[in-house]
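Here's the structure we're looking at; comments come further down.
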Amino acid sequence: MCGIVAYVGEQDALPIIIKGLKRLEYRGYDSAGVALLNDNGLSVYKKKGKVSELENSLLDNPHLNSKIGIGHTRWATHGEPNDANAHPHYSSTENFAMIHNGIIENYEVLKTDLLNKGYVFHSETDSEVFINFIEDIHKNNDCTLEEAVRLALHKVVGAYAIVIMSKEEPDTLIAARKGSPLVIGVGENEYFLASDATPIIEYTNQVVYLDDYEIAVIRNNKLQIKTIENVETNPYINQLEMELEAIEKGGYEHFMLKEINEQPRSIADCMRGRLDAQNGRLIVGGLRDYINKFQNADRIIITACGTSWHAGLVAEYLFEEFARIPVEVEYASEFRYRNPVINEGDFVIAISQSGETADTLAAIELAKSKGATIFGVCNVVGSSIARATHAGSYTHAGPEIGVASTKAFTAQISVLTMMALMLGYQRGTLSETKYIQLLSELEAIPSKVEKALLLNEQIEKISEQYKDARNFLYLGRGYNFPVALEGALKLKEISYIHAEGYPAAEMKHGPIALIDEEMPVVFIATKDSSYEKVVSNIQEVKARKGKIIAVVTEGDTSVKAMADHVIEIPHAHEALVPLISVVPLQLLSYHIAVMRGCNVDQPRNLAKSVTVE
Ligand code: F6R
């Protein structure tokens, strides 16, 4: 949440920062700002609204040339979205300006102290307190800004990625992180800092991921990294493998649509080098060093949030069916606060697209402290979760920019399916014949997803009929129950229509009371072991005049006779069906949201990377 960008070098800083902020807008988009330094001094410009509004407000300003600058796009935590609460924040002398992503938990104590000393605040933010706290230390200890930052970081409690610029040191940027991400791009005589690599990729592919409790000082075109104990460390330069085109819309109207359509490729990328069905080989490399622990685990605990939690629910079915190991799927936010029983024999899988979700990170730390082995399934390379876990596998879905998660979900399920099959085979709970059959079925999934995408036009027409509905129910059983939850989440988050997902059989324990001719009910009724039961549930809805939209297996006739609309998807083994059945639901929510005039890629109140608890 919140995106930060900074630049120092020989180019004009403002266009680089504005472009970078637009790339990071998925992290927050309620206000934006920049600070620049030139002969006119250190100036801050900020505005409520999107980065483009900030950009427009600067169009006629002749004083913006600067070789150094910082910028921020905000997702409000302390204080409503307005110009004053937007970042950067000046210190009270206006000698320093700071951008901050994170939350300072002890800001009230610090603020009271500063108020008693006569400091005046212009915003309601914790971040303004933070920069004034640094200034206060700088003043009272007669020390350098770098030293003041170091001392302040020992006192603040919470999460931060910060970048500070100073009138006193016009060629210097000071950055630090704890809990919020910060990447430093190293170019020719220039440096780029950002919350992720997307603002950096078009300038350099050499990056340094700052670690927690590290301070980066870029001064006189030289990067120095020190711990907050003032011990210098050697920056490790990583090569970015991301392509620029992966973070652009590529002719699609929205990132979400592009990402839905990318799924045949992203699922194939996820399996590439891991699955070789022809030769009966499946290797999830990340498991190599922990395979014994995995095979002999007493229990698998899966922890995640949102869509990633839904992928975890699918994995529960997979691991229990194929590997016969008990699985618990935990909301990371609940798990960490309820003193859970975790033992050394537990194998914890943390799933996260961004790799930055604060609750998931905290759940990992808790499980680690109890001696469990932690395995990450992340999309963003080099992210905090990827680095906090003992081992892991990347999903290789490529950058996901639309706030609603789509291709990350199917890539997560692909990795988890491969893990479950590998585990089941090695434990002897999955026969060789079935294993081989499932490997080739898995390999065929990308082409089946491709086929499901051809349903787009049909789904657009159905969307037209239901775009004004006020409520939706999504029902499925077995492997399709998490898909029902995911379909409902997609619809509510981008179209703001109230939607509920339920296991189909649970409907008669309450939600059936909601059914009338106004209620669209989406059934995922593919041919699987619970098909007959779902058909009965469809009849129950039909008898109460609910409108039925059913996702069925190609060639189905029974449901066709009852449903108002059937969406036919290719047949697959029931354990693999979620990879296909979710696609029409993603398209349905997409089209409904577009028809309702919603901002599909940046839905209200949301941000993609939830770095606050
Ligand atoms: C829904 C969505 C969120 C995320 C959740 C976890 O479309 O995107 O529910 O799934 O915030 O995020 P990650 O996977 O980054 O940990």
Side-chain angles (χ1 to χ4, degrees), residues 1-3 24 26-28 75 179-181 195-196 254-257 259-260 263 266 302-315 329-336 348-364 374 376-389 392-395 397-413 415-416 474 482-483 485-496 499 501 582-583 585-590 593 598-613:
M1 282 170 163
C2 299
L24 291 180
Y26 71 86
R27 302 177 65 88
W75 187 86
S180 300
S195 300
D196 73 26
H254 297 100
F255 279 112
M256 183 181 179
L257 188 60
E259 287 156 8
I260 292 172
Q263 289 177 110
S266 55
I302 299 177
T303 186
C305 304
T307 289
S308 299
W309 184 80
H310 296 156
L313 283 183
V314 176
V329 187
E330 303 272 0
Y331 282 118
S333 54
E334 288 298 313
F335 181 64
R336 52 178 301 204
V348 176
I349 302 175
I351 309 171
S352 175
Q353 188 287 128
S354 62
E356 301 295 344
T357 301
D359 284 319
T360 310
L361 259 171
I364 290 169
I374 326 287
V377 175
C378 293
N379 193 36
V380 177
V381 175
S383 55
S384 303
I385 293 177
R387 289 184 298 142
T389 43
S393 284
Y394 285 118
T395 46
E400 191 182 64
I401 299 183
V403 164
S405 192
T406 52
K407 64 174 179 173
F409 177 70
T410 46
Q412 288 164 344
I413 295 179
V415 169
L416 294 159
Y474 284 74
V483 176
L485 295 182
E486 177 60 8
L489 176 62
K490 287 291 87 89
L491 186 72
K492 65 187 133 189
E493 69 182 325
I494 61 167
S495 72
Y496 321 138
V582 74
V583 173
L585 307 189
Q586 295 168 341
L587 288 168
L588 184 70
S589 60
Y590 171 77
C598 300
N599 186 340
V600 172
D601 283 334
Q602 295 175 347
R604 71 183 179 206
N605 303 339
L606 284 170
K608 189 148 188 76
S609 188
V610 186
T611 52
V612 296
E613 294 166 15

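In each ligand, atom 1 is the first atom listed, and ligand 1 is the first ligand listed.
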For Y474 and A499, which heavy atoms make the closest approach, and how far apart are they? CE1-CB, 4.1 Å
Quick one: look up the protein heavy atom nearest atom 12 (O) of ligand 1 and list residue, atom name and how far away it is. T357 OG1, 3.4 Å
shortest atom 6 (C) of ligand 1-to-protein heavy-atom contact is with C305 O, 3.3 Å
Which is it for E356 and ligand 1 at heavy atoms under 4.0 Å: side chain, backbone, both or neither? neither
Within the distance-only criterion (no hydrogens, no angle test), does the side chain of D601 pair as donor or acceptor with the backbone N or O of M256 below 3.5 angstrom? yes
Could you list the atoms of ligand 1 found under 4.0 angstrom from a heavy atom of A404? 7 (O)
Atoms of ligand 1 close to S405 [distance to a heavy atom under 4.0 angstrom, numbered from 1]: 7 (O), 8 (O)
Test your reading of the structure: does Q412 have an N or O sitting under 3.5 Å from an N or O of ligand 1? no
Give yes or no for whether the N/O distance cutoff of 3.5 Å, strictly under, is met between V403 and ligand 1. yes
Going from SG on C598 to CD on E493, what distance comes out if it is rounded to the nearest 0.5 angstrom? 11.5 Å
Between the main-chain N or O of I401 and the side-chain N or O of E259, is there a donor-acceptor pair closer than 3.5 Å? yes
Using heavy-atom distances, let me know which of S354, G355, A332 sits nearest atom 15 (O) of ligand 1. S354
With a 3.5 Å distance limit and no angle check, can you tell me whether E400 reaches the backbone of A408 through a side-chain donor-acceptor pair? yes
Can you list the ligand 1 atoms lying under 4.0 Å from a non-hydrogen atom of S308? 10 (O), 13 (P), 14 (O)
May I ask you to identify the nearest protein heavy atom to atom 11 (O) of ligand 1, giving residue, atom name and distance to one decimal place in Å? V610 CG2, 3.8 Å
Per-atom contacts, ligand 1 versus S352 - under 4.0 Å to a heavy atom: 13 (P), 14 (O), 15 (O), 16 (O)
Show, in sequence, the C-alpha distance, side-chain angles and deciding distance for K407 and T395, and conclude whether the side chain to side chain donor-acceptor pair (under 3.5 Å) test is met. CA-CA 10 Å; K407 64 174 179 173; T395 46; over 6 Å; no
Test item: E356 side-chain N/O and S384 main-chain N/O as donor-acceptor pair under 3.5 Å: yes
Record the part of I385 in heavy-atom contact with ligand 1 below 4.0 Å; permitted values are side chain, backbone, both and neither. neither
With respect to T307, determine whether any N or O atom, backbone or side chain, lies less than 3.5 Å from an N or O atom of ligand 1. yes
Considering only protein heavy atoms, which is closest to atom 7 (O) of ligand 1, and at what distance to one decimal place? E493 OE2, 2.5 Å
When you measure from the side chain of Y496 to the backbone of R604, do you find a donor-acceptor pair of N or O atoms at a distance under 3.5 Å? yes
Where the side chain of D359 meets the backbone of A332, is there a donor-acceptor pair that is under 3.5 Å apart? no
Check ligand 1 against K490 and write out every atom of the ligand that is under 4.0 Å from a heavy-atom position of the residue. 1 (C), 7 (O)
Any side-chain heavy atom of H310 sitting closer than 4.5 Å to one from S405? no
